[in-house]
Amino acid sequence: MAKLINKTQEVFENMRAADKVSVMNTKKDVALIAELNKRMEVVRRDYQIKEKNSQFKASKVTLTA
């Protein structure tokens with residue numbers, strides 16, 4: 001008989017048993033999450049700009065043997 005292995009669920013259960021999981025639904029927690037999302041958006045935009053610039057510069061390079 002096949003047994004379904006769910007590693008994510010196993011890790012989550014282990015963390016819950018070790019009391020490393022908490023519910024973050026207070027107003028303070030929501031504000032912190034919103035601030036983190038804003039910061040991550042800035043990081044994502046910066047990465048995208050750098051990646052596009054890198055691809056553009058790479059397209060201008062001519063390799064010779």
Side-chain angles (χ1 to χ4, degrees):
M1 181 172 170
K3 180 181 178 185
L4 178 64
I5 299 173
N6 188 344
K7 189 67 175 174
T8 304
Q9 186 65 30
E10 181 182 332
V11 169
F12 186 71
E13 288 172 3
N14 289 342
M15 290 179 68
R16 184 179 289 157
D19 200 29
K20 294 183 179 181
V21 177
S22 62
V23 177
M24 297 181 69
N25 61 357
T26 66
K27 289 186 179 202
K28 182 180 176 184
D29 293 334
V30 172
L32 289 172
I33 292 168
E35 178 63 28
L36 177 64
N37 287 340
K38 288 179 187 176
R39 290 183 184 187
M40 287 306 300
E41 185 61 33
V42 170
V43 170
R44 282 188 206 102
R45 276 193 226 126
D46 185 49
Y47 176 80
Q48 288 172 346
I49 290 169
K50 288 178 181 178
E51 183 180 26
K52 287 181 183 180
N53 287 339
S54 175
Q55 290 175 358
F56 180 72
K57 289 177 183 178
S59 71
K60 299 295 181 187
V61 172
T62 303
L63 298 177
T64 58

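Below, each value reflects all heavy atoms present in this structure, side chains not excepted, and no hydrogens, waters or symmetry copies.
- For Ile5, the CD1 atom sits in a loose shell: 12 or fewer heavy atoms of surrounding residues, nucleotides or ligands are nearer than 6.0 Å.
- You'll find the side chain of Arg39 stays beyond 4.5 Å of the side chain of Val43, heavy atoms only.
- The local environment of CG in Asp19 is sparse, with at most 12 non-hydrogen atoms from other residues, nucleotides or ligands closer than 6.0 Å.
- Under the 4.5 Å side-chain heavy-atom criterion for Ile, Leu, Val, Met, Phe, Trp and Tyr, Val21 and Val11 are members of the same hydrophobic cluster.
- To the nearest 0.5 angstrom, Ile33 atom CD1 is 14.0 Å from Met40 atom CE.
- With rounding to the nearest 0.5 Å, the separation of CG in Asp29 from CG in Asn25 is 7.0 Å.
- A salt bridge between Glu41 and Lys38 is absent, with no side-chain N of the basic residue lying under 4.0 Å from a carboxylate O of the acidic one.
- The line from CD1 of Ile49 to CZ of Arg44 is 14.0 Å long, rounded to the nearest 0.5 Å.
- Rounded to the nearest 0.5 Å, atoms CD (Glu13) and OG1 (Thr8) are 11.0 Å apart.
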